[in-house]
Protein chains: 2
Amino acid sequence: MGKRRPGAPTLEEVAAHAGVGRGTVSRVVNNAAGVKESTRRAVQRAIEELGYVPNLAARSLAGRRADAVALVLTEPDWRMFAEPFFSEIVRSLGDALADTGMQLLLTLVRSEDERQRFLEYARGGRVDGILMMSVHAGDQLPDMLAEARLPTVLLGRRSGEEYVSYVDADNVGGARNAVSYLLKQGRRTIATITGPLDMYVAQCRLRGYRDALEMAGLEGTPSLVAEGDFTEESGRRAMADLIERHPEIDGILAASDTSAAGALQALRAAGRRVPEDVAVIGFDDFSLAQRTEPRLTTVRQPVEEMGRSMIRLLLEEMEEPFVAWRHVILRTELVVRESA
Amino acid sequence: MGKRRPGAPTLEEVAAHAGVGRGTVSRVVNNAAGVKESTRRAVQRAIEELGYVPNLAARSLAGRRADAVALVLTEPDWRMFAEPFFSEIVRSLGDALADTGMQLLLTLVRSEDERQRFLEYARGGRVDGILMMSVHAGDQLPDMLAEARLPTVLLGRRSGEEYVSYVDADNVGGARNAVSYLLKQGRRTIATITGPLDMYVAQCRLRGYRDALEMAGLEGTPSLVAEGDFTEESGRRAMADLIERHPEIDGILAASDTSAAGALQALRAAGRRVPEDVAVIGFDDFSLAQRTEPRLTTVRQPVEEMGRSMIRLLLEEMEEPFVAWRHVILRTELVVRESA
DNA sequence: CTGAAAGCGCTAACAA
DNA sequence: TTGTTAGCGCTTTCAG
């Protein structure tokens, strides 16, 4: 293994070149206060002239932070990689992190082997904190991270009793509002296309659907529930099944915008008019707004706020570790976009 | 900033606990040869008992590698994030890296600020090498990395005179073969939907298209070339334009499978039969195989091989730095999938 | 405001 | 086969 950048100048050399002590250079590099302006300038010139770049390993070792946080993507996320919700969240995390000077590192954990490797990486101190998104119910990684006392924040929870810090949307409420809205429109046979039911988020949206029906005094019909996995293809397939089972369907709640798009395709293929014959509401509103269904009514999650909240919680945990789990549940908003 | 894992045991403590010297523990941890089996076992027990985890910063500092490589995604990549080609490449890189014990870190570089931060991160020695994909012609980052003497490998090149190490597919040849195939079928009015023409890969595919026409003694018609950006939406739009300008079109080469899918939609919407009236060939074959167009003929890039090659080149550069740029150009394959 | 010095935890070279 | 030791480059007291 070739040594890294063999002749790279060190703090020491910069100090010598500038005719000051090591500590002073360190202060300048870290923008610490208490350095005479002229000295600072002299040091800065020396840095320029020598092309000095701080050695991050040394900095880390000397007892400070790694200045990086990892966003872990476990295997089940993989398919969602292509979902707009995913990239929007990543984008918002990047924005939220911009001020902190920390690097956002996406890491893929697909096998047990990779999980172990990542754990070593994190426990080895290469990151100051860990973010996870779309956690599946049975995922043990958050527990392992918690055990290693690593600041961790989840997007979504694994169950109602999640203890690791998380940021989540009010999925039950969002779904309930959506279905109530459909009922208010006079729809009576409302079906739902869920997400993968091993994810708590999907369970919550399903619960909201059921709650709304119950509140309206209607009885839930099991055959009006079709499991999907958030993807467009699953939406198409689920919708096709639903139409066959219940030709009288006049309303749909889909657990994602993408599966809603699939549902719309299947409905049109079956000759239904949307939204005259059948109204569709989906969760999230990224892909559709940009693509083929700009007029779909959606339950919007506050993505920017989610990213910001995750970073805020993470920073709090880094600041004052191991004192408490922190939870944030953000409100959703029904965005009505039906054309007149 | 809270100190990281304050009470974490060190090598020293493990050594004391096991009643051996520090060096011995280091050897055991690193699986080095030359340790008596009984000693090794004793050390391993001590490690278990104390829950020792090596401090990676210290390890890095002590003169070895960072055991991590970064895959940089610059702003223009961002849209491709959702493209199947992207996730397939990432997957193959992960596989290729699995043996090496290195962490793959995806980093997003969207702004000048983030570019600077990443540069510091890389020059600071947090990664042993850098991979970049879908580099745009004007991107300076590879030069900066080269200047910093950081092992770097690109997927694709910025121009015909690329010097930084890269792995690329034979895009000209692939496009030429595809168009020749269409010509052999008797198609005579062949259009192309390109990728973003500020990317060399898109230029090459366009060149291949033109070469094939020329070889057949046909004249290239500028209005048969529509610029897209690899996305489905761009394919739809470009195709719609092309049909309007040239209703007689009977063949299409699309620069990606995704834009080919968009083209197919536009063709069907215009009442054309595919492939009877119009034949379509796209580059890559991921999304379509999994989605709606399993029978599209495609120019297949050897994704697995691309990932493997990139890692191989990177390892070579790390091993023996700064001696040469290395280039690999992989053959493409025309995968005919028309139904009878 | 600045310099000197004590580590941070590990690897690797050298003795033993 | 193993123990000892000299750094790796930086941050951070503590004097001055």
Side-chain angles (χ1 to χ4, degrees), chain A residues 1-44 46-47 50-67 120 123-126, chain B residues 1-44 46-47 50-67 120-121 123-126 128:
Chain A
M1 305 296 154
K3 307 276 165 263
R4 202 177 342 84
R5 308 196 304 119
T10 70
L11 241 205
E12 181 96 47
E13 295 169 324
V14 175
H17 192 85
V20 302
R22 217 151 42 151
T24 304
V25 179
S26 177
R27 277 167 213 134
V28 172
V29 170
N30 293 293
N31 269 317
V35 180
K36 212 201 300 171
E37 191 49 33
S38 59
T39 314
R40 178 181 300 273
R41 240 193 291 277
V43 171
Q44 253 147 3
I47 289 178
L50 267 50
Y52 168 74
V53 179
N55 178 321
L56 265 25
R59 176 177 288 177
S60 264
L61 180 56
R64 307 233 313 172
R65 49 226 185 307
D67 281 322
E120 274 173 36
R123 299 206 297 175
R126 306 300 289 237
Chain B
M1 305 297 155
K3 307 273 166 264
R4 198 173 351 80
R5 308 195 305 116
T10 69
L11 241 205
E12 181 97 45
E13 294 170 322
V14 174
H17 191 84
V20 302
R22 215 152 43 151
T24 304
V25 179
S26 177
R27 277 167 214 133
V28 172
V29 168
N30 293 294
N31 269 316
V35 181
K36 212 199 301 172
E37 193 48 34
S38 60
T39 314
R40 179 180 300 272
R41 241 193 292 278
V43 171
Q44 252 146 4
I47 290 178
L50 268 50
Y52 168 74
V53 179
N55 178 321
L56 264 26
R59 177 176 287 176
S60 264
L61 181 55
R64 306 230 314 170
R65 48 226 186 307
D67 282 321
E120 275 174 36
Y121 188 81
R123 298 206 296 174
R126 305 300 290 237
D128 297 315

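Quick note: numbers below take in every heavy atom, side chains included, and nothing from hydrogens, waters or symmetry partners. Please read all numbers here as calculations on a predicted model, not as lab measurements. In the text below, chain A, chain B and the rest are named by the order of the sequence lines, each starting its count at 1.
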Quiz item: Minimum heavy-atom separation for A:A57 to B:L61, with atom names?
Solution: CB-N, 3.8 Å
Self-check item: Gap between atoms CG and C1', on B:L11 and C:dC10 respectively (whole Å)
Solution: 6 Å
Quiz item: What is the distance, rounded to the nearest whole Å, between atom CG of B:L50 and atom P of C:dG9?
Solution: 14 Å
Quiz item: Any idea which heavy atoms bring A:V35 and A:R27 closest together, and the distance?
Solution: CG2-CB, 3.8 Å
Practice problem: Please report the shortest heavy-atom distance between A:G125 and A:A66, naming the atom on each side. | Solution: O-CB, 3.4 Å
Exercise. Would you kindly give the CD-to-C1' distance between A:E12 and D:dC10, to the nearest whole Å?
Key: 11 Å
Exercise. Starting at the 5' end of nucleotides 2-8 of chain D, put B wherever the base has a protein heavy atom under 4.0 Å, S where only the sugar-phosphate does, and a dash everywhere else.
Key: BBBBBBB
Quiz item: At under 4.0 Å, does any side-chain N or O of A:S26 touch on OP1 or OP2 of D:dC10?
Solution: no
Quiz item: Rounded to the nearest Å, what distance is computed from the CG atom of residue B:D67 to the C1' atom of nucleotide C:dT11?
Solution: 13 Å
Exercise. Taking all heavy atoms of B:Y52 and all of B:L11, pick out the closest pair and write down the distance.
Key: CE1-N, 3.5 Å
Quiz item: Nearest-Å distance, CD (B:E13) to P (C:dC8)?
Solution: 10 Å
Exercise. Answer whether the closest heavy-atom distance between the side chains of B:R40 and B:V43 falls below 4.5 Å.
Key: no
Quiz item: Distance from B:I47 atom CD1 to B:E13 atom CD, nearest 0.5 Å?
Solution: 13.0 Å
